[in-house]
Every structure is written in C-alpha cells, then in structure tokens.
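Input: a single structure, listed below in structure tokens.
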Amino acid sequence: MAKQNKTAISPTREEDFPQWYQQVVRAADLAENSEVRGCMVIKPWGYGMWERIQQQMDQMFKDTGHENAYFPLLIPLSYLEKEAEHAEGFATECAVVTHHRLEAEKDDDGKTKLVPSGKLTEPFIIRPTSETIIGAAFARWVESYRDLPLLINQWANVMRWEMRPRLFLRTAEFLWQEGHTAHETKDEALEETDKMLGVYATFMREHLALPVITGRKSENERFPGAEDTLCVEAMVQDRKAIQAGTSHFLGQNFAKASNITFQGRGGDVEHVWTTSWGVSTRMIGTVIMAHADDDGLVLPPRIAPTHIVILPVIPKEQHREPVLAAANDLAAKLKALRFHDDRLTVKVDDRDLNGGVKNWEWIKKGVPIRVEIGPRDLEKGSVAVVRRDRGPKDKAFLPTDDFVDQALSTLQEIQDGLYKRALAFREEYTVSIDTKEAFYDFFQNEKSAGGFAVAHWAGTNEDEDAIKKDLQVTIRCLPFDERYDEEGTCFYTGKPSSKRIVFAKSY
RNA sequence: CGGGGUGUAGCACAGCCUGGUAGUGCGCCUGGUUUGGGACCAGGAAGUCGUAGGUUCGAAUCCUAUCACCCCGACCA
C-alpha cells in the first residue's frame, strides 16, 4: 500500500485549526472562494446542507404562525439614516449603489471599456439587514390592532463589507433568514423574541446536534437599534464561542423610525412593537467546526444531503450485474423510509473508480452511513456498514434486512451521539472562575487554552472593553440557565453579583 | 485598516541566495493489470512562474510598483 497520511485532512485540528477548517471545506467540496473578495461559491454539497436547514427551519417558522415574503435587495440610503444607532452600527460595512447604467468607451488601445454613468439622485445600499425597508412596508400594511400581529419571514442574501472573510463564518455576502414581526403590545413582542430564540435553540440541538447556551447579550454586544438582543452560543473544537443565531426585541425604535402606527382598541394611535431574528449560512461553518474531525466533515444526519451511500464492490466483471442489482434494490428499500419528515436520501456510487478512493471521498464529505455490498455479501445476504461517527475501519457485518430495519435508529443514534460528544466537549472546557488571576490565566495560559469561563460580573462597559483589549475575550451572554443564578462577587470589581455569565473568545 | 506571511499545473510544494527560459508528489486523461479499502505498470495532457514596469544579451530568480490570498489584531452573523 502506498504511504498515506494518517488522517485525510492535514494539518490536523491540533496542528492548525484555521487551516484545518479550510481544508475540510475544500475536501468536503462545500464551497470555494470566488473571484470577488469576500464572496463564496457554495457548491452542491454545501448548498445541500443549506437546503435542508432552510426546509426544516421554514417548517418551524410556519408552525409558529409566520409567513414568507420578499423585500428588495436595494435600500434607499435615507432609510438607513432613520434609526440613529442602527445607521451607526452598519455604516462601516455597506456596499453602495450609485449608478444605474454603463457607457461604452474606447481606451487608448481601442479596447471597449464600460464606465458607470447615469448617477442616481439617491444612492442605494445593498441590504446588510432589512429592518428599515421592511419597516416601511409594515407602515403601509398596519392600520388597526386587527392587523396585528404581523409575522413575516424572508429568506434572502445580505451583504456586509467584512474586513476579514472566512468561508461560511464571515463572508461579505451571505444567505440567511430574517424574521420581522410587529405586535400590539410590548409583552407580545417580548414573548415573540423569546419564542423564536427557543425555535433556534431547538433546531440547533435537535437538527444540528449543537449544544447551545441561550442568553442575553451585554449592552456592548447588542444589535444596533435593539432594546434587547438574545442569542444562542455554541462552542466549537478550538474552544471558541460562536454566535449561531440572534433574536432581537426592537421596542418601538423602528416603529418610530418608520412610522409604523395603528389605531388601538381604545381608538388611540400607537406605535407597534417589533422584533427581528436571524440565522445565516454561518451555521454551516459552526457545524463544521463543532463536528468535523481529522478525516473531514462529519454531518449530523438530519442535515446530511445524502444519508447513506452504497458502495458496490465489484472484483470481477461477472459480479457487476448482480452486485449493482442488489445495491439498487437495497437503495430502493432505504429510500422508502422516512427520517423524521424527510425521505431518506441514498446514493449508489457506481462510478468506475477504485473502491478506496470512493470510500475516502465519502468519509471526507461526512456522509453518516456507508454501506459496502459485494459478491460475498450477496451469498450471505449481508452488508458491511460503516458509520462516520466511528473509525474508518470500524465495520459491522449485518444481514441486509437487519440493516434496513435499523437504518433509522442508527441515523438517530449518530445524531444523538454527535450531540452528546459536543456537549461533553463543552462541559469539559467550561470552567467556573472566581478571581481575576484565574480568569487571566485561563485565557492566557497556553496549556489551558481557554474555553468558556463562567464568572460573576458587575463591571461596567469600560471594564468589559478592558478585558477585551487584554485577552480578546468578551461577554458571550448572560445565560438563562438557572444554575448560574447565585449570589457571589464579581471577579473583576469585587462588587456583589447575582449571576454568573459566560466569557469566551469568539468568532 | 495596522502587523506578519505567501503567490510557480486542479491540490501541496521545490527551484530564487549564486539570472541561462520549469520540476517533484498527489490529482487528471489513455491502455493494461487490479479491486472488502485512499492499488500497480506504461504512456500522456496540463503552467504567459499573481500583474505591470525596470535592470540585463538573457529574469520564476535581481529592483520598483501594484493586486490577491492566508494568519494575528480592530469590526462583525
């Protein structure tokens, strides 16, 4: 056998985590950088993950009473100016459209050049988020309390001119969903904010196998223009935190900015209370960093574009026909099954390639279950089954019918196993910290390498900034979990505190 | 936008110091032998050496500028 790396991906996570991440994205054929800086080409395997995420979340939004709509990509500049904090927050990362036509000119070499022309009287920005333009629509749509609540979601692309793009994690253009709702009362809006955060947390735990902490952002980390920002935070394998989704209570800020008013039950004209909430293609990056290993991607079955790959083993030409027939027969049986609400996706990989090459390709792509079927299996009525959450050589030989019977439970077992593994990882690197010395040591000491520090806090925004400057550590959230509610002393200021909160380095 | 690094075939790289017109491994194509594991043999295709300018008889190599990408930081989903 030729000499091979021990692992399919190099460098390994241990050796160089950022490089490893990029190699996984490439090896799994998820996406690539495009010629436009900061923008990515999402390839079929990566887009397949997004389609599943989209489809499953969309159902959850529908189940909670929301409807989809679509709003323009281009937003009049003046709209962004309407809400001061919002404008300030997004001003530094907006792409601006200033012209609406091109004119052909010849340069010195006689080559045709296209030059922008037709300057717009008012520039447009490409949406970095849609609060303002959706607000303008809501203002038209809402007249009476009977029009409320207004529960709208949009699946769209947005653009934020990022300094340092990374595939999926931070790209200039990304795909997301943004929910926007308007309510009659503050309490209803608060409830909506909370409810949708819960939807996100459920989705991430059950569909993405990501243990997440739900909580509230500190004032420093709040969405520009929001009264309150709730979030779900996950830990990935370099022990950094990543914000996987946010839900904002916007108060009446945007209602006032966009003049969204209604006549209430008592006849008075009032401003609505709004919320917004979103998750993006960043979740794909989060799934990669949370679950992938040194052999490539490891997909949570629920979002795997293909659940099961069947690899026919054809030693001699005479075996081709019976083996392929058996493989297709097995595929047909599996395809009749439903995993949660989705039909099983099964692929028979009958490409004329060396078996080992094909096998490793699917390992790198993270397919949950691989099944080999060859002449010896036909005789015995069995198959060889390999799970992606186990080693590449950890093969189980099962009677074919048993395998079909167990397929769904095996997928669920993989799904649950990934969750448990990620949870155990997070628990291992979540540490209660009570002194400033211990806190600084936790994040500075090479050996401890950090993680989540849960600590009492009563500091100011300036104190928070100072910690960020020293350690690149920020408050990830004020967790809702009641186990963190306890009396104590702030590790930084020594003042009394009634809650431990989560600190970490983050993406 | 600051600090560091890298641009040579699809991918990973060597060659650059000491200029002479491009190489290795993997991948790809063809034929054959193979096939329960990223196999082997033979043949083959593929690079304006990031771009532009300069020095030189001659530049991947030296000089200048510029662009892109990566890492760290600031900003952020």
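In what follows, every chain begins at residue 1, and chains take the letters A, B, ... in the order their sequences are listed.
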Q: Name the pairing partner of B:rG7, where a pair is Watson-Crick or G-U wobble with both distances under 3.5 Å, or state none.
A: B:rC67
Q. Can you tell me the Watson-Crick or wobble partner of B:rG73, both distances under 3.5 angstrom?
A. B:rC1
Q: Send over the distance from A:R320 CZ to B:rU35 P, rounded to a whole Å.
A: 14 Å
Q) When you check every protein heavy atom under 4.0 Å of nucleotides 72-77 of chain B, what one-letter string (B, S, -) results, 5' to 3'? A) BBBBBB
Q.
Can you tell me which nucleotide in B:rG36, B:rA39, B:rC70 comes closest to the side chain of A:Q19?
A. B:rC70
Q: With sequence neighbours left out, write down each residue that passes side chain to side chain contact (heavy atoms under 4.5 Å, CB included) with A:E221, or none if nothing qualifies.
A: A:K217, A:S218, A:E464, A:T474, A:R476
**Q.** Under 3.5 Å on both distances, the Watson-Crick or G-U partner of B:rA14
**A.** none
Q. Is there any side chain to side chain donor-acceptor pair (under 3.5 Å) pair reaching into residues 85-94 of chain A, and which pairs are they, with sequence neighbours excluded?
A. none
Please tabulate, for side-chain N and O atoms in residues 377-392 of chain A, each donor-acceptor pair with protein atoms closer than 3.5 Å (sequence neighbours left out).
| from | atom 1 | to | atom 2 | distance (Å) |
| --- | --- | --- | --- | --- |
| A:D377 | OD1 | A:S382 | OG | 3.4 |
| A:D377 | OD2 | A:G374 | N | 2.7 |
| A:R387 | NE | A:D389 | OD1 | 3.0 |
| A:R387 | NH1 | A:E413 | OE2 | 2.9 |
| A:R387 | NH2 | A:D389 | OD2 | 2.8 |
| A:R388 | NE | A:L297 | O | 3.2 |
| A:R388 | NE | A:I363 | O | 2.8 |
| A:R388 | NH1 | A:D293 | OD2 | 2.9 |
| A:R388 | NH2 | A:D293 | OD1 | 2.8 |
| A:R388 | NH2 | A:G296 | O | 3.3 |
| A:R388 | NH2 | A:L297 | O | 3.2 |

Q | Interface residues of residues 22-34 of chain A with RNA chain B (non-hydrogen, below 4.0 angstrom) | A | A:Q22, A:R26, A:N33
Q.
Test of understanding: with side chain to side chain contact (heavy atoms under 4.5 Å, CB included), list the residues that count as partners of A:A95, not counting sequence neighbours.
A. A:I126, A:M159, A:W161
Q. Side chain of A:D377, base of B:rG36: donor and acceptor closer than 3.5 Å?
A. yes
Q: In plain terms, say whether A:K62 and A:D58 are close enough for a salt bridge, that is, a side-chain N and a carboxylate O under 4.0 Å apart.
A: yes
Can you give the donor-acceptor pairs under 3.5 Å from side chains of residues 24-33 of chain A to other protein atoms, not counting sequence neighbours?
| from | atom 1 | to | atom 2 | distance (Å) |
| --- | --- | --- | --- | --- |
| A:R26 | NH2 | A:Q23 | OE1 | 3.4 |
| A:D29 | OD1 | A:K43 | NZ | 2.7 |

Q) Would A:N68 and A:Q154 count as having a side-chain donor-acceptor pair, cut-off 3.5 Å? A) no
**Q.** C1' spacing across the pair B:rU8 / B:rA14, given as an integer number of angstrom
**A.** 10 Å
**Q.** Where at least one partner belongs to residues 168-182 of chain A, residue pairs that pass salt bridge (Lys or Arg N to Asp or Glu O under 4.0 Å), sequence neighbours excluded
**A.** none
Restricting to nitrogen or oxygen on both sides, can you table the protein-nucleotides 42-45 of chain B pairs closer than 3.5 Å?
none

Q) Across all strands, who's sitting opposite B:rC62 as a Watson-Crick or G-U wobble pair, both distances under 3.5 Å? A) B:rG54
**Q.** ring pair (Phe, Tyr, Trp, His ring centres under 6.0 Å) against A:F17, all qualifying residues, sequence neighbours excluded
**A.** A:W20
**Q.** Contact under 4.0 Å: A:K316 side-chain N or O vs B:rU35 OP1/OP2
**A.** yes
Q.
Does the structure show a Watson-Crick or G-U wobble partner for B:rU30, both distances under 3.5 Å? Name it, or say none.
A. B:rA42
Q: Find the distance A:K364:NZ to B:rC11:C1' and express it as a whole number of Å.
A: 10 Å
Q. Among all residues two or more places apart in sequence or in another chain, which pass the side chain to side chain contact (heavy atoms under 4.5 Å, CB included) test with A:P305?
A. A:W45, A:M49, A:L299
Q: Kindly write out the residues that satisfy side chain to side chain contact (heavy atoms under 4.5 Å, CB included) with A:Q406, not counting sequence neighbours, or none if the list is empty.
A: A:L398, A:D402, A:S409, A:T410
